[in-house]
Each structure stands twice: as C-alpha cells, then as structure tokens.
Amino acid sequence: MIKYTIKRFCLMLFTLFSIMTICFVLIKSLPLVVDVGLGKDAEFLEGIIEARGYRKPVMEQYVTYLGRIFQGDFGVGINMEKGTYVLDNFLQRLPATMIINIYAMLISVPVGLGLGIFAALKKNKWQDQVISTGVMIFISVPSYVYAFLVQYLLCFKGGLPLQMKNGTDWLSWDMFVSVLAPVLSLSFGTIAGFARYTRAELTEVLTSDFMLLARTKGLTRGQATIRHALRNAMVPIFPMIIGEFVGIIGGSLIIEQIFGVPGVGRLYLNSITTLDYDYFMFLSMFYTAIGLAAGILVDLSYGFIDPRIRMGAK
Amino acid sequence: MKQRKLIAVVAIVLVLVLCASVFVACNKDEDPRYLATTKTYKTYASSFATSWNVLDYETSDQGDMFSYSSSGFYEFDYKFDENGDVVDGQFTIVPVMASDYPTDITAEIAAEPDNDYLFDEEDTGYAWYIPVRKGMTWDNGDPIELEDWIYSMKEQLNPLFMNYRADSYYSSSTVIHNAKNYLYSGKTIMASDDGLIAAINGGADFYFSPAASNYLFGPYGGLASSYGILPTFDSLYNDYFVVTYEEQAAAAWEAGEDLADGAIKKADYDTLEAFTQAYVDYKFTGAGASPLRAAISEVYTIIDTLTPVEEGTAAGYYLVTDELLAALDAVSQGFFGGNYGWAMCSYIGQYPETTFDQVGLRTIDDGERYGLILILDVPYVDNGSHFVWAYDFGGNWLVKPDVYEACKVAPADGSELWTSTYGTSIETSPSYGPYKLTAYQTGKYYEFSKNDAWFGYSIPELSEGYYETDKIQCSLMEEWDTAWMAFQKGDLAGIGMDVKIADEYKTSARAYFTPDDYVNTVQIQTSIAAEPDDGIAKEILLNTKFRKALSLAIDRVEYAKQCTTSSLAGFGIYNSMHYYDVENGGVYRNTDIAKQVICDVYAVDVNDYDSLDDAYAAVVGYDLALAKQLVAEAIAEEIAAGTIKATDVLDITYGSSVDSEAARRPYNFLKAAWEKIFEGTQFAGTGFVFNYDGTHGDAYANDFKAGQYEVLSAGWSGAAWDPFYFMMAYIHDDYRYAQGWDPRTVKVTVTLNNVDPETGEWLGEGNGETASFTMDALTMWEELYEGTWAEGECNVENRLLILGALEKTVLESYCSIPVTYSFGAALRSYQIEAFTDTYNTFMGWGGIKYYSYNYNDGDWARYVDSQNGQLNYK
C-alpha cells in the first residue's frame, strides 16, 4: 500500500508538472495586446509589458517562473487584483467559499443519502416516483436558475438576507443566516446527485442474493438493509462524497456571484480574461493539485471502505 | 405517560414561541437599527476595485475609491447667481488644496540661467506658481508637506515602477518639463514617425532594416497598409497562398519574424527581397512594375555593401546613407508616387540622462510664496475661468511617503519592474480627503467614514452645509437583478435602470436621466482580403454604397428603444455633451456647422424646411427603399468587377466581448434590420449568415482592428470638453476601430475665413482672405490639433468648420455608423436627494458633497419596515 501510494504520489507530481507546463504555454500563447486609450502613450504601455519580461521567449519565462515558485514567490497581481499578493488574496477568499460549501455538504449528504435510501426502499411506489421526479428536475435545471428562485422567494419575498453578510466572522449566527440561501442553492443539485446514486446502488444491492440469505437467516428488513445492503452500497458512494468535499474549495462562480460570496470562484475566470499570469498559474496549480490529490484519496479510500479491495496487489 | 410528555413538550414550545413573539413585538420600536442617526450612502458596484493606488490605477472603479479620500488643488463647483440659485450649465473653479488661483510666472522661470526650457520670457502659460494651503494633514494627523508632492511625482515617474499613470504627465495636455526624459532616462528607443522627422530635421542618424522596419519591407507591410494602397501583411500573406507563392511567402514570413527579433541573416534578406519582388509581380502588372523591381533590387544591392550594426538595440540595422535613402525613395515613388523613403527607416536614439531635479516640478517656500512651481513644455491657456486647472490638473498624485516606501515590492525574477501594495488595504490607504477608508473586505465591500482630520472641514466655504453623508458603503453586486431587489428593499441609494424595467419605471418620480458623451456606433470591417472564389461575399463590405445601405437600414429610434434603456437616436460622432467652449456653454453638436453636417450626410435638404433647425430635427437616417436600392447597386457593381459572384453568400460575424442577453440585443436588431434590405437579392434568406461571436473578452476592440470579425457595436467617450482632440479616436491609427479605412487616402476640402491663402494661417478678424484647403483627413486633423489651426493659433469658427468637414468625412466612410447618443437612466432612493433637478456637465448631480437626506439611517429603516420591507418606485 505504501509503495502504491508513493508511486501514485510521484505520478501525481509528474502530471502536475506536465499540466502546469501546458497551462503556462497556453496562457502565454494568448496575444498580449496593448489597449491604448485616448491620451495614453502606446510606447510606454508596450514598455511596461517588455519590462515585466512578457516578451521574452516563453520557455525562458517558464524557467524563471519555476525558479520563483520554488522560492515560494507566487507573485503579485498585475492586471487583476492589482498590487495584491496572489497567495494572500487567495487565502483571504478561501474561507468564504469553504464555509458555504461545508454547510452545503452537511445538508446534502444526509438528506441526499436519506432520500436515496427511502426511494430505494420504496422502489416503484409513489414515494420513489416523487423523489425521482424531483431528482431529475434538480439535476437537469442549472443551479443558477434555482439560485435566482431561492433569492427571489426566500430573500426578496421572505426574510433571508439577499447577500452574504460582510465581515469575516465565519462561524457567527448572523453569518449562518446570511448564507442559508446560497447553501440551499448549492445543496439542491448535490442532494439530487446523492439521492440518485444512492437509490441506484442500493436498489441493486437490495436485490442481491446475499440479501435474500440475510432475510432467510432471520434478519428483519431494516437490519438487513442497514447491516448489509447499505455497507455494500456505500463502496461507490463514499468516494463520491470525498470527491464532493474536494469540490468545496473549488467554489461556485455563479452562486458566489449571485449571493455576494467573496470567494475564490471568480478568481480563476478573471485571471484568464485579464491575462494575469501569476494568478492564473497559481490557481491552475492549486486546482490541479487538489484534483490529483483527490483522485489518489478516492482510490485509497476504496481499500479502507472495503478491505477486499487492495490497490496494486498482485 | 408518553402522551403526557408530548403534551408538556408542546406546551413549553408554545410558551417559548409566545414569549418570543411578545418580546419581539414589545421591542419593535427599539429595534437597534431604528436608533441610528447616521446618514449612510449605500451603493453597489458590479466590478470591484482591489487597489486604488493613485499612481498606478487603470479603471474608473479604482478611481472612485480614492476620490473619496483625496482632494484636488482645484475642483469644479456649481456656479450660483446673486440669489444663491444654481446657474444651469455653468461652473466655477474652487481652490481646495491650493490656497488661491495659480499665477503665471513664465517670464520669471525663463530668466533662469542655463535652462533648457522650451519657452522664453515673452511666452506665457509655461510656468505656474500654485499656492498651497498650509496646515493640511493626513488622516493620522501627520502634516502634508510640500515635499510630499515632490516625492509623489518622483515615484509617479519612477522608471523602476513604470506606473500606469506616468504618461498622464507628458502624453496628455499636461506635459511637465522633462517628465518623459526622467521616466525614460538613458533608455534606448526607436522613435515613432514624429520623432523620426524631428531626428532628420535635427541631423541625427537613422537606420534601416528591411525586416524589422514597420514599413513596406517589414513583416507587417505597414507603409503599404497605412497609405491604403496595399493590404496589410496578413491579407498579403493570404494573397500569396492564392497566387501560389505559398512557400516563398511562408519562408519570408518566418524570416521576417526572426528578423524582427534581431537575428538578422543575409539569407533572410534574399528571401525578403524575393518576397517583395514577388509582391510587385502580383500587384503591378503594368509598366510600373519593372522600375519598381529595379528599385527594390537596388536597395538590396546597397545593403550588400553596408555593414549592419552589431550591438545594442540597433543590432541588425544599417546606418542610412544618402544612397540608401535615395534607393528607398525610389521604391516609395514606385508604390506611392512620393519620396517616403524616410518612413521605412527608424530613428534609434537614447533619452538623455535626466535626474528628477531637472523635472519641471519644484517647491517654493520663501516667506512670500508657499507652494509648487510647475514648468510645462506645452502651455496652459487660462483665460480667467481657471477651467484648465480643474480639467487638466484636477487630479492629484499625492501619496504618503512613509507608507508608500513600506509598500514597495522588489521585482520578481524575470521582471525589471517594482510593484506596490499601496492602496490595497486600510493600512495602506492614507487619506487627505473628506472621507477615509474604515472597512474593506476584498471582493465584498468597502466603507468610507468621515475623515475628521480633513482640512476642508475647518474651511467654511469648502464644507459648511455640505458633506451631509457620514458614511459611504459600497457592496459588490455582480448581478443587476440582485441589486434591483436590494434597491427595492431599501438597501441601495440608487440603481441604473435595465432595459427590462425601463418601460415600467421611466416615468417614476424618482427616475433621473444622465446624458453621457458616449456615442455608440456600428463598426463595419473593411480590412478584408479579396478572395473571389471562396463563395463568401465579404468583399462587398468594401463597397461604400453597401455600407451606406447598412446604415440606412437602421431605424435608430427603434434601436435606442430596443437595445438601450434611455439612449437617444444618434446620427453624428459627437453628441450634445461635447463642448468646444466650456466657459460659455458652446456645444459642437448645437452649432449650425454640425447640424449642416448631419443634414448633408443623411441627405436632408435644408431648403425643404423653414430653418436649419427644422431640417436637422427631421433627420431620421432610416430609408429602407434607398437602402435596398443601394444594396442592389453595390451587388451589381461588385459582380461586374469580379470581386464577388452571383452565387456568393454574405457570411459575416458580429463580435462582442461577452455572450449575454444584453450584448445580443444589438446583434439581433441589426440582423433583423439587414435581412429586410437583402430581400430580393442573393443575400436574402440563407444568403445572409450573420454569426454571433461573444468570445473576444477584453480584446474585442483589438480583435476587430485585426480583422477577426466584421461587425462591432462600440464607441468612444472621453475628452468631452475638447472635441477637436476627440476626433483622434476616429482618425488616428492608434485608436480608430476602422483600420481598413485610411484617413490618409481621403481628401477633405474646407473653406476658411480670414486666413493666409498660402499657409492657411489665421490672420485675425478683418484680415486675410477666404480660401479653400484640400488635404488628406489625417493631415487636416493634425493641423487642427497641433498645427496651423490648433487652439490659440486659429479662431474657433474656422476650427469648427474643419471639425465639421472631418466629421462629415468620417460619417461618409460608413465604417463608423453612429446609432445612439448615450443617456443613462436610473432611480434614486426615497432616502436621498440630489442637489439639482438638472444635470450639470461639470458637477453631475452634485456627488457626495451635495447629497441631502430625507431620512437618517434609523428613520429610513423604520420607513422601509413600514412599507413591509419593499418599496414601490413606480
């Protein structure tokens, strides 16, 4: 297992480096044009670009960049969030993103699993059909649509705040109330996803031979479901939960935009549109690393959830 | 037992709920929100400044941030009559950080020994003494010293930082002596055309590189395209593919790219020569081709005898000899019929080593005078209104030296530029204005509160009765719908109207309309390579009749209604916000000259009306029948010329920075409008493909200029008080959207009064003659802006005639088709009131200084609650 983990880790570093290189080359391939407004000196603006080293050969810039990040220097915003340290700014924004996503997960996982289990147990009955219809709606409709609906109904017509509260008292009651609307908006899709997946897995397990054996052994339906069916169904579901947790720090561009969440969701997109190389590269590296780490974590988790699964075993 | 427990629990819950309800009800009047006596101006922004460093800001939202926490030397204010009433459309200039109006001390400064100023003792307007108030402090009580301004300007022009605003002090109307030289001190540069001409006149050396030159021989075919005779290199390159010079052109292209980086090789020149010769073969089949080929060969023959420079910026260049210049002239003669050899060369020079002591800004504190001395290379014309001091010199470049020093960040590896974190947090944002930053959360909100240390609060004429606002809170709301809901809940002081509510709320008593100098135009691409066999008739966009038809197909009134909230139909490239005479309220669009231009362009015969005003009012710019006729004629002409075929379709693209409902409105409108005029032609139905491409982001303008798509909805604002300068946006290569339309190739004739018929020089009323002058549009504008007919050199009547002629020329190109004059519509909250009911160009609606409040924050919260938390603004 250790050998496997080390191997995966090394492969992860290699993949990270490759993706980083590709990202760097691609972003540098975009034309860097001087936008000359009335009264601006085009020569001066071009001079700024040259002095920043942006006209040097791409690979030369890349080597320099690698040297910088190995010294822990992720740069200062030049076009986006001008004058701000990339790492500091990212870390300042991360809690807002995390707080709404954690709340969303705390709601989504139990509700999603509960609905999925209930639907599986009531398979093909009206309860199952109601849940499945709801699931299909929430999976099909983009999150920003019900985000607007939530904002209109619960915030504008109801009493919830329209926007996330100002300040950094992330764990206060006022903050909790102010993030209820974005949390609900984020949760609908995730609940639907969990419910659908759980129902599908559990339905399959419930019809397995070993479940029949368990019942014939004298277990009640509830005992058989909890002790045997659920445990087996959780093998593919648990990694999905881990994957969703990883998504917590990714942020949600639309939800953050609608509810005034000062998170990291918009940073990445803005870094591309404004060609802020330091922000773009840092965020690319960060999300790539998180994604790769999540992959390893999910793979390793199979072994813990179901001891029969052994990665890399011969 | 279980039942009892259940009943007990339910009973307890009910009692708790009841108590809570009573508690809430009893304390309703004592809601802490109701107790607030402050007056807070709550606003929102759809994009948020994250830094507000006055030396380096780029966008208006950054500018807003420090506008609250800074003051100017001189600021605009309302003009009041003897009864204390505001005089509409007028202004006055108030010294704020300055203690009095400036004094012209040109003669005194010119008399200084061994100076290098560009003026002498008889001149005026070049050197000014600005008296500065004593006793001003920063928000922490530290005194503001005269030296702070010197330090700040030194940092503004610091070559190590190349701060974005540095060029404001040499590239705009404010040209501080030696500011540019200090910024570029000792740097080697290649001069632009103007610099080149100056270099030639000054006898300096200049250089030629067939590859790196931006002109005929260069990789971009600059001279060729500039003079409108040849297409740009991109299309040239495509042409070569068509005429089977593919390999040769590709090699030349590659060679050109290498050469531009300075890696020059003889073999590359051979390729370039072949490339250039090949182009001559392709383009010139007549008698002119042979001498042209010989001239080109001669250039390369001479180059063979010369030794290229090997070091520095000039590496790979050849020092231009008389012989080489003559050969280059011969080439340009063959192409253009003129001696433009110099334009193929570059002046490579070095800025003089300059210390900050040589920059035209210094302090004076000699007991009699306390302030700053400003020395300019271009004079300020202050005719007594002091307008120039608020307009050109209204901003302030002041930073707090100790804080700024602490915010400096050394260059990252690979970069030469220092950066600064000044103005990115409360700690790095010292204030010397009426407000100071008291709360800030990145990407979320900021709050300014009154700066009790502001000097203005102790000066009655600056503050007494004003600045009722205690706090300014701004939240980031990227979605307009969110802001609209917040406004209705009383959380915002105002909101701009979106088209979706415009009809419903335009007549609201709380609605107000703000004119803007922005003129929206539809830009038509004319940088199009001729590709007759591709089945697509884009080439027809080169036909002026066709472009005119596209213009006439647009019902501008309907366009304004469908695509904007409250803009008006627009017909010229100037609207009623462009003042040629701000002191006297002279608006270019309201002059007879400008009205006549519109009547002429849109074919409204003034003789058919009682007056020019009536004729002007009758202009609609919408004539479907004529548009259809012009389309048919244009198609017939182009088919006859062989540029398009009768089976070709018109497949063009509308480009935008984004793909949104709002951005698609103009596209949808134009599509429907143009489909109407294509009926009955080969472009009817499927013959017209109008694509939408919203992927261009911030590069949308540059992409259009580069010919990546064919139609763009865009425009210009800025320089509203200098329409002569503003013409640059439509004329100058650096700004013009329509790069395919070349003002150098368009002749303009204008008839001027009281001028020297030879030189055009204005000789004063009653002198000189009435004479006509014909020249290309760019030259005419250059003469208007900084030449014979510049401000101070020529009377305004003649200048307006020239401006009218130029506007007419731009309009008749039908590359920039005006569609709307921008008007913003907004709703103002019941909580606040603007100072006036009439918009003032100089003061807007009065701003934060003049806002007054119907409710303080507590009363406002009570009022909103009394309306069930939702206000009706209909």
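Per chain, numbering begins at 1; letters A, B, ... match sequence-line order.
Annotation: maximal heavy-atom pairing with chain A below 4.5 Å, among T419(B), L183(B), T428(B), D56(B), occurs at D56(B). Between chain B and the options T64(A), T84(A), T168(A), heavy-atom pairs under 4.5 Å are most frequent for T64(A). Listed options M80(A), Q61(A), Q163(A), K157(A) were ranked by heavy-atom pairs under 4.5 angstrom with chain B; first place goes to Q163(A). For the options Y57(B), F161(B), Y164(B), heavy-atom pairs under 4.5 Å to chain A are most numerous at Y164(B). Counting heavy-atom pairs closer than 4.5 Å to chain A, the top-ranked of the candidates V409(B), L476(B), N868(B) is V409(B). The most heavy-atom pairs under 4.5 Å with chain B, out of G53(A), G167(A), A51(A), come from A51(A). Top candidate by heavy-atom pairs under 4.5 Å with chain B, chosen from E60(A), K82(A), Q92(A), is K82(A). Of the residues considered (T274(A), L275(A), I48(A)), I48(A) shows the highest number of contacts with chain B, using heavy-atom pairs under 4.5 Å.
Using a 4.5 Å cut-off between heavy atoms, D278(A) makes no contact with chain B at all. Heavy atoms of R266(A) lying under 4.5 Å from chain B belong exclusively to its side chain. N163(B) touches chain A through its backbone: at least one of N, CA, C or O sits under 4.5 Å from a heavy atom, while the side chain does not. Interface residue D73(A): only side-chain heavy atoms are found under 4.5 Å from chain B. For chain B, the nearby parts of R52(A) are the backbone and the side chain; heavy atoms of each come within less than 4.5 Å. Only the side chain of L45(A) comes within contact range of chain B, with at least one heavy atom under 4.5 Å from a heavy atom of that chain. In this structure, the portion of T424(B) lying under 4.5 Å from any heavy atom of chain A is its side chain and not its backbone. Proximity to chain B is limited to the side chain of Y85(A), based on heavy atoms less than 4.5 angstrom apart. With a 4.5 angstrom heavy-atom cutoff, Q71(A) touches chain B only via side-chain atoms. The contact between D413(B) and chain A is made by backbone and side chain atoms together, counting heavy-atom distances below 4.5 Å. Only the side chain of F148(A) comes within less than 4.5 Å of a heavy atom of chain B; its backbone N, CA, C and O stay farther away. Contacts between E81(A) and chain B at a heavy-atom distance below 4.5 Å involve backbone atoms as well as side-chain atoms.
Side-chain contact between F156(A) and Q488(B): present, with at least one pair of heavy atoms (C-beta onward) separated by less than 4.5 Å.
Here S425(B) contributes atom OG and D88(A) contributes atom CG; the two are 11.0 Å apart, rounded to the nearest 0.5 Å. Atom CG of residue D481(B) and atom CD1 of residue I258(A) lie 9.0 Å apart, to the nearest 0.5 angstrom. Atom-to-atom distance recorded for Y445(B):OH and K165(A):NZ is 8.0 Å, nearest 0.5 angstrom. The line from CG of N89(A) to OG1 of T442(B) is 4.5 Å long, rounded to the nearest 0.5 Å. Of the inter-residue distances, the one linking Q473(B) atom CD with N166(A) atom CG reads 7.5 Å to the nearest 0.5 angstrom.
Side chain of K489(B) to backbone of P161(A): no donor-acceptor contact under 3.5 angstrom is found. Checking side-chain atoms of K56(A) against main-chain N and O of G414(B) turns up a donor-acceptor pair under 3.5 Å. Side-chain atoms of K444(B) do not come within 3.5 Å of backbone N or O of V261(A) as any donor-acceptor pair. For the pair Q257(A) (side chain) and E478(B) (backbone), a donor-acceptor distance under 3.5 Å is absent.
Annotation for P262(A) and Q441(B): closest pair CG-NE2, 3.8 Å, computed over non-hydrogen atoms.
Annotation: Y152(A), atom OH; neighbour count of heavy atoms from other residues, nucleotides and ligands within 6.0 Å does not exceed 12.
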